[in-house]
There are 2 protein chains.
Amino acid sequence: MTPISASLVQKCGHCLMAAMLTAALFAGQALAAQSPEPILVFGHKNPDTDSIVGAIAAAHLLTAQGKPATAMAQGQPNPETQFVLKKFNMAMPAQLGPVAGKPVGIVDFNDAAQGPDDLNDATLVFMADHHKLGGLKTSAPLEAWLLPLGSSNTALYEMMMFYNVAIPKDLAGAMLCAILSDTLMYQSVTTTSRDKTAGAALAKIAQIKDQKALAYDLFKAKSAIEGVSARDLVLRDYKKFEMSGMAVGVGQIEVLSLSMLDGKKEGLLEAMRQIKKESNLHCILLMLTDISKQGTEMLAVSDDPSLPSTAFSSTFKDSSAWLPGVMSRKKQVIPPMEKALKK
Amino acid sequence: MTPISASLVQKCGHCLMAAMLTAALFAGQALAAQSPEPILVFGHKNPDTDSIVGAIAAAHLLTAQGKPATAMAQGQPNPETQFVLKKFNMAMPAQLGPVAGKPVGIVDFNDAAQGPDDLNDATLVFMADHHKLGGLKTSAPLEAWLLPLGSSNTALYEMMMFYNVAIPKDLAGAMLCAILSDTLMYQSVTTTSRDKTAGAALAKIAQIKDQKALAYDLFKAKSAIEGVSARDLVLRDYKKFEMSGMAVGVGQIEVLSLSMLDGKKEGLLEAMRQIKKESNLHCILLMLTDISKQGTEMLAVSDDPSLPSTAFSSTFKDSSAWLPGVMSRKKQVIPPMEKALKK
C-alpha cells in the first residue's frame, strides 16, 4: 500500500462515520416527510376476477408491508367476480376516480390502454402482472413483478410468500378462484406448475377440499348469459389494443358449452359492428371459448376482410371460424394478430 | 342445481379428462420444439460493475433453472470491474453482437437507449433491474423483476433465494462488490436494508470478513484516474437520456476525495463540450462525486445556461456547483433534470 492511499483510507475512515450519521438523519427526514396518502391499487378496465381480486390482494400485501393501500376498480364486477366476492365475504372495491398526482399500483395489466386516461400523471409505485411488457414509463424506481404465469394472483401469492405476508382465509379463497378462472382450471396454455402449486397452497389456507367443484361453480357463473344484452356480452371481458398504429378490440366469452350461445351469434356480430364503428376500430374480434371442447369460435369484423384468415391460418365463413385449442387471448390471439398487422 | 347445469357439469367432467390428456400432449410438443439457443444476458452500455457482474449472476440463475444463458457485455470493463473480475477469478463476458431474433435478458437497465440498437427485434425473456420503468415493450409475457433497491445484484441475490439457486463462492464475492459499489458501501440514498441483508449474506458465502476493507479497495480502483484521458473519464460511467424530446448526457466519476481531480476540471469541461457537440446534446453533466464528503461537484454545459441552476436550485460558477448530499444520478440528478426540462 502506498503512503498516499493509506492516508486516503484513513481520512475516508473518519469521514465515513460522520457520513453514516448524516445518512441516518436524512433517512429520518425522508420518513417524516413521507405522504400518508394511500396507494390506489387497481386492475384493468372491464375487470375480470384476476383484476378485482388481484387489486384486493395487492392492497393487502402493500398494507402489510407498512405501505397503506386501497383496492379500487375500473368497472363493474362481472357475474363470476360477483359470485367470488359473495362466496368469500368481500366487498367490491370502489370505482377509481382521477389518479393524477397520486401514488398508484397496477395489477393484471401494464399498458396505458388498459389504464385510466391520467395514468401517466400518477406516480406508479407497484406493478404485479403476467402479461407482455406494455411500454409504461416512470420517473423513479418502483416495485414491479412480471411473471410468465397463468394468473396475476399466482404472482401475488408468490410475492406474499417472498415477503412473509400471511394470507387471510377468505382472501386465499378468492385468489384461488382468480387462478382457477384465469387458467381455466389449470388447462389453459398459459398454465404453469407454479399456478398449480399456488392453487394448492391457497386451497389449503381457504380450507377448500374440492377445487374442481369450485371451478365448476365459477364456470357456471362465468357462463351466465341469460338476460344479458349482446352488447354487454361483447364488452364483458373486452380489451382494446394498438397494433401497428391500428385499433383492435378483442372480447372473450367463456362458456361451458358453445350450444349456450345458439341463436345469439347474429346479435353478437351486430353489436360488434356497432362497437367497431363507435370506437373507430380497424378490427373487432369476439372469442366464444368453449371450456369443455377446449377451443374458440372466433367472430371477426375487420376493415380488411382477409385479416382474420391470415392471422389464424383458418377460413372464416359468415365472419366466424372454429379455432381448436385456442383458449388464451394473450398467448394465442394477440401475437398472431400483431404479426398479421405488421405485414 | 338445475337439471341443465347438472348435465353440463357431467358433460364437462368427461371432457376435462380428455382435455387434460390433450394439454399434456401439447406441453410435450412445446418442450420438444423449444429452441436450445442460449439466452444472451447483458447490462447497459458503458457497463459498470453492477451491469457486468449482474449479467454473470443472471446467466447463472437462468442456467440453473434449466434455461441456458450466456453473460455478454456492451462495452469494456472499467478499472473497478477489472479489479473485481480479477479478485474473484471471473472472465470478462464477451462483447455483445447483433441480437435481432435472439432470446435476450437484460440487467441493470430497462430502456431502449441503454440497449443495443436492435433490442426491439430481439425476444426479451428476462429483466432484473433497480431503475425507473423505461418503456420497453414485448410481444409475449416475460420474467421481469424491478425492485427499488440500491443495486441490481441485490435483486438478483433475492431472486436466487426465491428460486433456491445456490450461489458459488466467487460469484457471491463479485455480487457483494457490485452492491458495495452501487450503494457506495450502503451510504447512497438508494440504499435499503435489503441491500445490507444481501451484502451480509453474500459476504458470508464468499468468506469475506471485512466488507469495509473490500469497499476501500473497490473505491481505490474506481478512483483510478491517473493516465486516463479527460474524454475517457467523462465517458467511463456515462449515460444518455431523452428528456422532453431533448438529449441529455450524464457522466459520473466517484473519487475518494475531490482533491484527486485538482487541475483536471478545465480538461474535463473541454471534453464535455466536445462530446456535447458530437452527440448533439441539449445538455451534458458530469458528476464529480466525493465519496468521503458525501456530495457531488456538478460540471454542466447546457444550451440553456440557466437549466443547471434551475434543476439543482444552486448557483453555477464557471460551469460548476457543489451539491452537498447528492450521490445518485438515478435518484438525485435525473428526476430534477426531467422536471426542469418539462417547464
Side-chain angles (χ1 to χ4, degrees), chain A residues 5 8-9 11-16 18-20 22-23 26 30 111 124-125 127 129-149 158 161-162 185-191 212 216 219-220 223 256-257 260 291-294 325 330-331 334-335 338-339, chain B residues 5 8-9 11-16 18-20 22-23 26 30 111 124-125 127 129-149 158 161-162 185-191 212 216 219-220 223 256-257 260 291-294 325 330-331 334-335 338-339:
Chain A
S5 56
L8 278 170
V9 166
K11 181 185 171 194
C12 197
H14 286 116
C15 292
L16 275 182
M20 278 166 172
T22 317
F26 271 128
D111 61 328
L124 184 61
V125 298
M127 214 161 101
D129 192 15
H130 66 134
H131 294 88
K132 60 184 184 160
L133 200 55
L136 288 178
K137 290 184 180 189
T138 63
S139 56
L142 77 167
E143 167 131 21
W145 292 49
L146 276 85
L147 299 177
L149 305 174
E158 294 193 349
M161 293 301 102
F162 183 73
M185 204 178 112
Y186 312 123
Q187 289 177 78
S188 74
V189 288
T190 56
T191 307
K212 203 177 272 190
Y216 287 148
F219 295 151
K220 262 190 296 169
S223 297
L256 281 172
S257 161
M260 296 170 76
I291 296 170
S292 310
K293 276 203 204 124
Q294 297 266 309
K330 186 168 51 233
K331 278 212 170 176
I334 304 308
E338 282 183 331
K339 203 175 156 196
Chain B
S5 56
L8 278 170
V9 167
K11 181 185 171 195
C12 197
H14 287 116
C15 292
L16 276 181
M20 279 166 171
T22 316
F26 271 127
D111 62 328
L124 184 60
V125 298
M127 215 160 101
D129 192 16
H130 67 134
H131 294 87
K132 60 183 183 160
L133 199 55
L136 288 178
K137 290 184 180 188
T138 63
S139 57
L142 76 167
E143 168 131 21
W145 292 49
L146 275 85
L147 299 177
L149 305 174
E158 293 193 350
M161 293 302 102
F162 183 73
M185 204 178 111
Y186 312 123
Q187 289 177 80
S188 75
V189 288
T190 56
T191 307
K212 204 176 272 191
Y216 288 147
F219 296 150
K220 262 189 297 170
S223 298
L256 281 173
S257 161
M260 296 170 75
I291 296 170
S292 310
K293 277 203 205 124
Q294 297 267 310
K330 185 168 51 232
K331 279 212 170 176
I334 303 310
E338 282 183 332
K339 203 176 155 195

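Lettering follows sequence order; numbering is per chain, from 1.
- A:H130 places no side-chain N or O within 3.5 Å of a backbone atom of A:L147 that could act as its donor or acceptor partner.
- Only the side chain of A:K330 comes within contact range of chain B, with heavy atoms under 4.5 Å apart.
- Heavy atoms closer than 4.5 Å to chain A are found in the side chain of B:M127, but not in its backbone.
- Contacts of A:L124 with chain B are made by side-chain atoms alone, with heavy-atom separations under 4.5 Å and no backbone atom involved.
- With respect to chain B, the highest number of heavy-atom pairs below 4.5 Å among A:E338, A:E158, A:K331 belongs to A:E158.
- Of the two parts of A:E143, the backbone and the side chain both hold a non-hydrogen atom closer than 4.5 Å to a non-hydrogen atom of chain B.
- Listed here is the closest heavy atom pair of B:S139 and A:P335: O-CG, 4.0 Å.
- Between the A:S223 side chain and the A:L256 main chain, a donor and an acceptor come within less than 3.5 Å of each other.
- Here the CZ atom belonging to A:F219 is positioned 14.0 Å from the OG atom belonging to A:S257, to the nearest 0.5 angstrom.
- Taken to the nearest 0.5 Å, the CG atom of B:L146 stands 10.0 Å off from the NE2 atom of B:H131.
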